[in-house]
Amino acid sequence: MAVTKLPEEVTLQPETTAFLSSGPKKLLIGGEWVSAASGETFETVNPATGEVLMEAAAAGEADVDAAAHAAREAFISGPWSQMNGYQRADLLWRLAELIDQHADELAELETLDNGKPLKISRRVDIPQAAKHLKYYAGWANKIEGSTIPVSFPNNLVYTVREPVGVVGAIIPWNFPLLMATWKLAPALAAGNTVILKPAEQTPLTALRLGELIAEAGFPPGVINILTGFGVPAGSAITAHMGIDKVAFTGSTAVGRRIMEAAATSNLKRVSLELGGKSPNIIFADADMAGAVRGANWAIFSNAGQECVAGSRLFIERPVFDEVLDGLVAQSERVRVGNGFTNANMGPIISEKQLSNILGYLETDSDNIEIVTGGERLTGELAEGYFLPPTIVTHDNDSLTIVNEEVFGPVVTVTAFDEWEEIVERANLTNYGLAAGIWTRDIGKAHRLAHAIKAGTVWINQYGMIDAPAPFGGFKQSGHGREMGKDALDLYTETKTVWVSLG
Ligand code: NAI
Ligand code: MG
């Protein structure tokens with residue numbers, strides 16, 4: 001299908017155009033591309049223009065069942081089940097190289113489907129996805145057990161780490177290809193087989209990845225890709241008796257449902273990476289220019305559609321006006337627009353998400369002051385779902401907008417005075433994903449990092465994430481740690497073997 005509303009000077013890669021005109025796309029089950037059993041399809045749109053990009057198959061219960069069987073067979077009897085860690089490493093590395101080779105095209109598909117600036121897709125999303133696969137390729141032949149000294153004589157006790165089995169991976173739309181690799185890489189390194197369900201808003205790069213997976217040489221059934229909706233596709237994965245584990249990134253509400261489904265089915269293992277309401281704290285002794293730039297980046301990167309978004313900004317009172325004025329000035333220089341222009345902030349993923357965000361501003365309108373932004377952009381951008389950087393001030397931590405994840409370019413800003421106060425207010429949230437601290441006092445920075453209940457704390461920077469560094473949430477931000485060596489725990493079972501030495 002033709003992509004008609006690109007800015008005039010943009011020409012897509014021929015591969016991108018070829019991919020877009022190859023729809024409607026099918027499901028990848030057992031190495032074959034097949035239509036949904038129901039024959040149903042859905043449309044994915046470009047959030048910058050509202051235009052339909054492609055149709056994809058809408059998976060249902062029967063397709064999940066077929067994928068679960070294909071994945072089981074690949075796990076127990078196919079060539080994958082016989083491969084050693086070196087062979088799995090080779091396949092992961094080859095897939096990473098294919099992603100690098102097709103980076104321009106994948107970046108264009110990501111920007112069309114999600115809306116984010118092309119230069120971000122090209123510099124961040126796609127190369128990070130490849131790096132993630134390479135990092136776990138390195139682990140595939142290093143998954144070890146240990147020998148255990150026990151109190152009984154004449155016993156040899158050792159552990160081995162075995163793959164969990166069939167893994168369901170359900171991912172969101174904010175970093176589509178990257179989130180796919182966050183799940184696939186450690187799962188495959190450990191020897192599992194996977195059913196991947198991309199978000200219904202952004203199926204394109206997962207589908208293209210499916211083609212590259214075949215090219216890389218993964219045996220049939222090792223990776224199955226089911227496009228479709230949360231219900232019925234995602235929910236059927238979580239309820240299936242033949243799926244051993246679900247790895248999920250998305251909303252806390254759905255995370256809760258996934259645990260319920262696990263509890264009432266086969267007690268499948270669950271790892272959850274959910275929302276956040278992360279405090280970003282600027283002390284009066286911080287490097288002001290860096291702190292202001294960092295606060296801007298913390299909330300407006302990816303149009304605020306990030307689980308780690310620094311959405312609660314706390315500024316020590318003596319520098320409150322200086323930081324706020326600096327942030328407003330910085331935010332007003334953010335260029336919002338179609339990701340194929342020189343914009344550095346794209347649209348909100350959907351009309352529904354945009355209206356959710358505006359709803360938060362409406363609900364608390366009597367108790368907040370909107371300093372800048374707050375209204376949907378019209379004119380040339382009217383067909384897309386654009387909201388400019390939005391900064392609101394408040395002095396009431398109990399407001400809905402201060403407690404719930406807005407998941408958009410909206411930061412709530414407030415002043416603080418005392419140490420005990422900031423420790424308490426930073427932790428006054430059901431979430432615990434991340435936090436930022438800005439100060440030149442290194443002792444104070446570490447004390448606060450220890451006092452904050454969050455899975456990741458950044459000091460004098462914000463948003464750094466890399467494959468080797470564990471990532472995940474305290475409290476209602478999730479269960480388990482992805483990334484780094486820790487992620488291998490999510491995708492392996494420990495087996496203890498007792499040997500009598502006679
Ligand atoms: P969501 O949690 O509904 O969607 C995430 C994934 O879960 C998608 O693949 C979706 O199809 C699937 N899903 C939905 N319902 C399901 C169910 N009952 N069983 C199994 N899978 C299901 O998130 P949504 O609606 O796209 O966004 C809503 C809010 O979620 C956002 O405003 C934000 O607060 C949060 N969110 C957090 C993300 C994160 O990175 N932690 C990413 C995306 C959303
Ligand atoms: Mg889309």
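Index from 1, following the sequence. Both ligands and their constituent atoms are indexed starting at 1 by order of listing. For the numbers below, each heavy atom of this structure counts, side chains included, while hydrogens, waters and symmetry mates do not. Since we're looking at a predicted model, the values are computed, not measured.
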Check your understanding: So, does N427 use its side chain to make a donor-acceptor pair with the main chain of A451 at under 3.5 Å?
Key -> yes

Check your understanding: For the side chain to side chain contact (heavy atoms under 4.5 Å, CB included) test, which of I237, I171, I170 pairs with F248?
Key -> I170

Measure the distance from [atom] to every protein heavy atom, then report the residue, atom name and distance (to 0.1 Å) of the closest one.
atom	value
atom 24 (P) of ligand 1	W173 NE1, 3.8 Å
atom 34 (O) of ligand 1	E405 OE1, 2.6 Å
atom 3 (O) of ligand 1	V254 CG2, 3.6 Å
atom 41 (N) of ligand 1	L274 O, 2.9 Å

Point to revise | Whether F175 lies under 4.0 Å from ligand 1, heavy atom | key: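 No heavy atom of F175 comes that close to ligand 1.
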
Going by the atom numbers of ligand 1, which of them fall below 4.0 Å from some non-hydrogen atom of [X]?
X	answer
C307	39 (C), 40 (O), 41 (N)
V231	18 (N)
P172	42 (C), 43 (C)
G234	19 (N), 20 (C), 21 (N)
R257	18 (N)
A199	9 (O)
I170	6 (C), 7 (O), 9 (O), 12 (C), 20 (C), 21 (N)

Taking atom types as modelled, find out whether [X] and [Y] have a side-chain donor-acceptor pair closer than 3.5 angstrom.
X	Y	value
S121	T111	yes
T44	Q201	no
N403	K277	no
E404	Y360	yes

Check your understanding: From W438 CH2 over to I282 CD1, what is the distance, rounded to the nearest 0.5 angstrom?
Key -> 7.0 Å

Is [X] close to ligand 1, meaning an N/O of one under 3.5 Å from an N/O of the other?
X	result
I258	no
T249	no
E200	yes
T238	no

Check your understanding: Can you check whether H240 reaches E61 side chain to side chain, under 4.5 Å on heavy atoms?
Key -> no

Result block: side-chain N/O donor-acceptor pairs under 3.5 angstrom for residues 204-212, not counting sequence neighbours:
| residue | atom | partner | partner atom | Å |
| --- | --- | --- | --- | --- |
| T205 | OG1 | E110 | OE1 | 2.8 |
| T205 | OG1 | E110 | OE2 | 3.4 |
| R208 | NE | E105 | OE2 | 2.4 |
| R208 | NH1 | E211 | OE1 | 2.6 |
| R208 | NH2 | E105 | OE2 | 3.4 |
| E211 | OE2 | K25 | NZ | 2.9 |

Review point. Less than 4.0 Å between atom 26 (O) of ligand 1 and some protein heavy atom, yes or no?
Key: yes

**Study point:** Qualifying salt bridge (charged side-chain N to carboxylate O under 4.0 Å, His left out) pairs with a residue from residues 338-356, counting only residues at least two apart or across chains
**Key:**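 Residue pairs with at least one partner in residues 338-356: E351-R376.
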
Using a heavy-atom cut-off of under 4.0 Å, does the side chain or the backbone of [X] touch ligand 1, or both, or neither?
X	answer
N356	neither
Q353	side chain
I171	backbone

Pair [X] + [Y], salt bridge at N-O below 4.0 Å:
X	Y	value
D244	R269	no
K131	D466	yes
K26	D63	no

**Study point:** Option set S251, G255, G230, criterion heavy-atom distance to atom 1 (P) of ligand 1, minimum
**Key:** S251

Check your understanding: Of F248, F407, F229, Y431, which has the heavy atom at the shortest distance from atom 31 (C) of ligand 1?
Key ->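 Considering heavy atoms of F248, F407, F229, Y431, the nearest to atom 31 (C) of ligand 1 sits in F407.
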
Study note, to complete from the structure: Smallest heavy-atom separation, L387 atom then V410 atom, equals CD2-CG2, 4.3 Å

Practice item. May I ask you to list the protein N, O or S atoms found at less than 2.8 Å from the Mg ion (ligand 2)? Key: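 Near the Mg ion (ligand 2), below 2.8 Å, one finds T44 OG1, V45 O, D113 O, D113 OD1, Q201 O.
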
**Study point:** Quiz item: cation-pi between K453 and Y431, 6.0 Å / 45°
**Key:** no

Review point. Centre of Y491's six-membered ring, under 6.0 Å away, within 45 degrees of the axis: is that where NZ or CZ of K245 sits?
Key: yes

Can you list, pair by pair, the side-chain donor-acceptor contacts under 3.5 Å of residues 29-43, counting residues two or more places apart and other chains?
| residue | atom | partner | partner atom | Å |
| --- | --- | --- | --- | --- |
| S38 | OG | E40 | N | 3.1 |
| T41 | OG1 | E55 | OE1 | 2.8 |

